[in-house]
Amino acid sequence: MIRLNSKEYITMDNNNTETNNESVDFIRAIIKEDVNNSKNNGKVVTRFPPEPNGYLHIGHAKAFCLNFSIADEFNGKCHLRFDDTNPVREDDEYIHSIMRDIKWMGFDWGDNLFYASDYYEKLYDFAVQLIKKGKAFICDLSVDEIKEYRGTLTEPGKESPYRNRSIEENLELFAGMRNGDYPEGSRTVRAKIDMASPNIHMRDPAIYRIKHVRHHRTGDEWCIYPMYDFAHCLSDSIEGITHSLCSLEFEIHRPLYDWILDELELESHPQQIEFNRLNLTYTVMSKRKLIQLVEEKKVSGWDDPRMPTLSGMRRRGYTPASIKEFINRAGLTKREQIIDVSLLEYCVREDLNKHTTRVMGVLDPIKVVITNYPDDKIDELDAINNPEDPEMGSRKLPFSKVLYIEREDFREEAPKKYFRMVPGREVRLRYAYIVKCTGCVKDENGNIIEVHCTYDPDSRGGTDPDGRRIKGTIHWVSAKHAVRAEVRLYDRLFNTRSPESGKGSFLDNLNPDSLEIRRECYVEPGLANVSSGELFQFERIGYFCADLDTTNGQPVFNRTVPLRDSWAKIEKKK
RNA sequence: UACCCCAUGGUGUAAUGGUAGCACAAGUGGUUUUGGUCCACUUAGUCGAGGUUCGAAUCCUUGUGGGGUAGCCA
């Protein structure tokens, strides 16, 4: 999107710019309205508030793309705030990975880096204020008792016997809690709201608990920590957030969010707006399940290329542009969304098609001998780097008597519509020559070990001099010049559309064939010294990304996504 | 069973009381030195019942279906 002025927005890839009737999602509509009404003096401040207890996945990407993009579109700011209010689950390791992933996606929080733990002192003071107002109390009920007193979804709760302690006593006990006088679990601070509320979150919710646990940033300074519901709204308010965007499951927390800010009579009262989480078919997204995959070694780690984490997707070869495009296309509403992974795949292909260099690589090699080609001759042929972008130029490819082609590109008997290498027929070797297959050589077990053909010297470059139409074109590499490579073929991690639903464990739905490693692949010589992260299209096969495990002269490629394959569809139908 | 939210082709999403459109997926054909890309076309939708209105996907009532909520997690 391009900002025209403070009120009007158009998209570039849409040529009805003059009509300017592009629809916006409901959140942008609300914010636009607020800006038009000069609410918050027309300012927009959003925030992305991850808890540093895990790696970011594409669902988080939706949230931070939203927050950063909106800030950008409305000339505002987006804060990065680590919601580090529960020291038992959090660690610095995650802070680094989260910042890395957000930067990789192309967003910048500038100076606006915050931690909820920076506000512990302020938050403590706010709790004291609430106590002084008679709106919070120290409760000595145990976890089990609190649960019992809370009531159920259908029955109201009972008031805590400690609910009517004097303000003085509450203040004294709270100071004691902070001072470390009491063991964990012995007391909590609770907001005094309404034990009969139909919304359970309003039944005197805990706002502080005792944890004698070292915090990754504040160390041993504190042994009481604020709960999410208390810390989050106040952190938002302290930072002057105008629109606090979160996912749907927090909808029911909104009355509490507002209650706390109202009781404290804070000037800055951000508006919480909830949106739908992003879910993908054939994928699990919950942090718990992703941890399980890592811990039970179902994948190699958080950055396994099959994981929906940003670090996994980066390693797999997904680009930030393709992920953003996908998120934009997925949309934003209040309905539960389960998006087909095929849309994600479409978005990567779309981006990679435009930008990656074409190369030739043979993943399942079989030797081809051009019987009428001179033994020692080496030809240099021109190959176009990207037909979508002439500016990417061309490169030289060595050609010689012995080549490798894909095993599936040769058949002794051709099925209908098969136009690759078949005895007696012609096929084009891409950018090289038209060759005629003359037969094959088998070992004692009947396995084909070599294919023979003759070439037409007049067809250099792959042209057909006398205008005969050659339907098939196949890729190849010169055996003498080829570089051996390892290729890792990834498929979806699960073989059911919603691996999280159904009877058994989601692990029952793991796809046993989600990773296939091919160690004897041959790629064109220019790929000998690729560096990790480089992206390519292997012609006729798919998009590949040089893996972290690549060492000089020994490339390892990850398949990001295969090319669409209409031949596979034809074959499947039969 | 209480409260809250949601309901448009297979999937996702527009239409904000006035012609139900787009994308992905699926299918058919064309172009092609990648069975890729690109192009054209086809299939397919407003959860049900009432009501308001000249007119309802949109507003109201109600039913049904899906989701969320009973951490001293976020």
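Computed from a predicted structure; not experimentally measured. In the text below, chain A, chain B and the rest are named by the order of the sequence lines, each starting its count at 1.
If you check every strand for non-hydrogen atoms under 4.0 Å, Arg349(A) touches nothing. Residue contacts for Arg89(A): at a heavy-atom cut-off of 4.0 Å it reaches a base atom on one of the strands shown. Among the atoms of the strands shown, none is found under 4.0 Å from any heavy atom of Tyr208(A). Within 4.0 Å (heavy atoms only), Arg420(A) reaches at least one base atom of the nucleic acid. When heavy atoms are screened at a 4.0 angstrom cut-off, Ser142(A) is found touching base atoms of the nucleic acid. In this structure, Pro387(A) reaches the bases: a heavy-atom distance under 4.0 Å links it to at least one base atom across the strands shown. Within 4.0 Å (heavy atoms only), Arg150(A) reaches sugar-phosphate atoms of the nucleic acid but no base atom. Thr463(A) comes within contact range of at least one nucleobase, with a heavy-atom separation under 4.0 Å. Within the nucleic acid shown, His201(A) comes within 4.0 Å of sugar-phosphate atoms alone, with no base atom in reach, counting heavy atoms only. Base engagement by Ile146(A) is indicated by at least one non-hydrogen atom pair under 4.0 Å involving a base atom. When heavy atoms are screened at a 4.0 angstrom cut-off, Tyr433(A) is found touching no nucleic acid atom at all. Contact annotation for Arg430(A): base contact, defined as any heavy-atom pair under 4.0 Å involving a base atom. Residue contacts shown for Asn276(A) are limited to sugar-phosphate atoms, with no base heavy atom under 4.0 Å away. Within the nucleic acid shown, Tyr225(A) has no heavy atom closer than 4.0 Å to any nucleic acid atom.
A centroid separation of less than 6.0 Å is found between the aromatic rings of Phe174(A) and Tyr124(A). Residues Tyr431(A) and Phe399(A) place their aromatic rings such that the two centres sit no closer than 6.0 Å.
For Arg540(A), counting side-chain heavy atoms from C-beta on, the closest listed nucleotide (U13(B), G35(B), G71(B)) is G35(B).
Comparing U28(B) with A15(B), their C1' atoms are spaced 30 Å from each other, to the whole Å. Rounded to the nearest Å, the gap between the P atom of A40(B) and that of C47(B) is 31 Å. G68(B) and G12(B) have their P atoms separated by 16 Å, given to the nearest Å. Taking atom C1' in both U43(B) and C38(B), one finds a spacing of 22 Å when rounded to whole Å. When the P atom is used for both A20(B) and U46(B), the distance is 13 Å, rounded to whole Å. Atom C1' of G17(B) sits at a distance of 8 Å from the matching atom of G55(B), rounded to the whole Å. The C1' atoms of A7(B) and U58(B) are separated by 13 Å, rounded to the nearest whole Å. G67(B) sits 29 Å from A26(B) when the C1' atoms are compared, rounded to a whole Å.
Taking the six-membered ring where the residue is Trp, His253(A) and His201(A) present tilted rings, their angle falling between 30° and 60°. Phe536(A) and Phe557(A) have perpendicular rings, their planes meeting at more than 60° on a 0 to 90° scale where under 30° would count as parallel.
Of the N and O atoms on the side chains of Asp351(A) and Thr319(A), at least one donor lies less than 3.5 Å from an acceptor on the other residue. No hydrogens or angles considered: nothing links the side chains of Asn86(A) and Tyr228(A) as a donor-acceptor pair under 3.5 Å. In this structure, a donor-acceptor pair under 3.5 Å is present between the side chains of Ser117(A) and Arg217(A).
Legend: side chain to side chain donor-acceptor pair (under 3.5 Å) pairs involving residues 331-342 of chain A, not counting sequence neighbours, sorted by first then second residue: Lys62(A)-Gln337(A), Glu251(A)-Lys334(A), Asn276(A)-Thr333(A), Asp340(A)-Ser342(A), Asp340(A)-Arg497(A). Within the structure, the salt bridge (Lys or Arg N to Asp or Glu O under 4.0 Å) test picks out the following pairs touching residues 50-61 of chain A (sequence neighbours left out): Glu51(A)-Arg89(A). The salt bridge (Lys or Arg N to Asp or Glu O under 4.0 Å) contacts involving residues 185-199 of chain A comprise Asp140(A)-Arg187(A), where partners must be two or more places apart or lie in separate chains.
Within the 4.5 Å cutoff, the side chain of Arg468(A) has heavy atoms near those of the Glu426(A) side chain.
One N or O donor and one acceptor, one from the side chain of Arg358(A) and one from the base of U34(B), sit under 3.5 Å apart. A donor and an acceptor atom sit less than 3.5 Å apart, one in the side chain of Gln537(A) and one in the base of U34(B).
The 12-atom threshold is not exceeded at CZ of Arg277(A), counting heavy atoms of other residues, nucleotides or ligands nearer than 6.0 Å.
Rounded to whole angstrom, the span from the CD1 atom of Ile27(A) across to the P atom of U13(B) amounts to 13 Å. Distance Asn328(A) CG to A14(B) C1': 15 Å, rounded to the nearest Å.
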Nucleotide N/O of nucleotides 38-47 of chain B paired with protein N/O under 3.5 Å:
none

Could you write out each protein N or O paired with an N or O of nucleotides 27-31 of chain B at a distance under 3.5 Å?
unit_1 : atom_1 : unit_2    : atom_2 : d
G27(B) : OP2    : Lys569(A) : NZ     : 3.4
U28(B) : OP1    : Lys573(A) : NZ     : 3.0

Sort me out a list of protein N/O and nucleotides 2-9 of chain B N/O pairs below 3.5 Å, or just none if empty.
unit_1 : atom_1 : unit_2    : atom_2 : d
A2(B)  : N3     : Leu153(A) : O      : 3.0
C5(B)  : O4'    : Glu251(A) : OE1    : 3.4

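Here Phe137(A) pairs with nothing under the ring pair (Phe, Tyr, Trp, His ring centres under 6.0 Å) rule; sequence neighbours left out. Listed by chain and residue number, Val284(A), Ser286(A), Glu500(A), Phe506(A) satisfy the side-chain contact (heavy atoms from CB on, under 4.5 Å) test with Lys289(A) (two or more places apart in sequence, or in another chain). Thr283(A) is linked by a side-chain contact (heavy atoms from CB on, under 4.5 Å) to Leu280(A), Pro308(A), Val341(A), counting only residues two or more places apart in sequence or in another chain. Partners of Lys471(A) according to the salt bridge (charged side-chain N to carboxylate O under 4.0 Å, His left out) rule, which considers only residues two or more places apart in sequence or in another chain, do not exist here.
For the pair Trp567(A) and G35(B), the ring geometry qualifies as stacking, because the centroid separation is below 5.5 Å while the planes lie within an angle under 30°.
Of all the residues in residues 337-345 of chain A, Gln337(A), Ile338(A), Ile339(A), Asp340(A), Ser342(A), Leu343(A) reach under 4.0 Å from RNA chain B with at least one non-hydrogen atom.
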query = Which string of ( ) [ ] | and . matches RNA chain B, if you list each base 5' to 3' and count Watson-Crick or G-U pairs only when both distances are under 3.5 Å?
reply = .((((((..((((....[..)))).(((((.......)))))....(((((..]....))))))))))).....
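Note that Lys158(A) lies in the cation-pi zone of Tyr149(A), set by a 6.0 Å cut-off to the ring centre and a 45° limit from the axis. Cation-pi geometry between Arg492(A) and Tyr282(A) is satisfied (NZ or CZ under 6.0 Å from the ring centre, within 45° of the ring normal).
Considering only side-chain N and O atoms, Thr473(A) lies nowhere under 4.0 angstrom from the phosphate OP1 or OP2 of U32(B). Put simply, Arg209(A) has a side-chain N or O that comes within less than 4.0 Å of OP1 or OP2 on C73(B).
Anti is the glycosidic conformation of G12(B), whose angle departs from 0 by more than 90°.
Taking all atoms of both residues into account, the shortest heavy-atom contact from Ala127(A) to Tyr208(A) is CB-CE1, 3.7 Å.
Comparing Asp25(A) and Pro49(A) by the nucleotide of RNA chain B that holds the closest heavy atom to each, the one mapping nearer the 5' end is Asp25(A).
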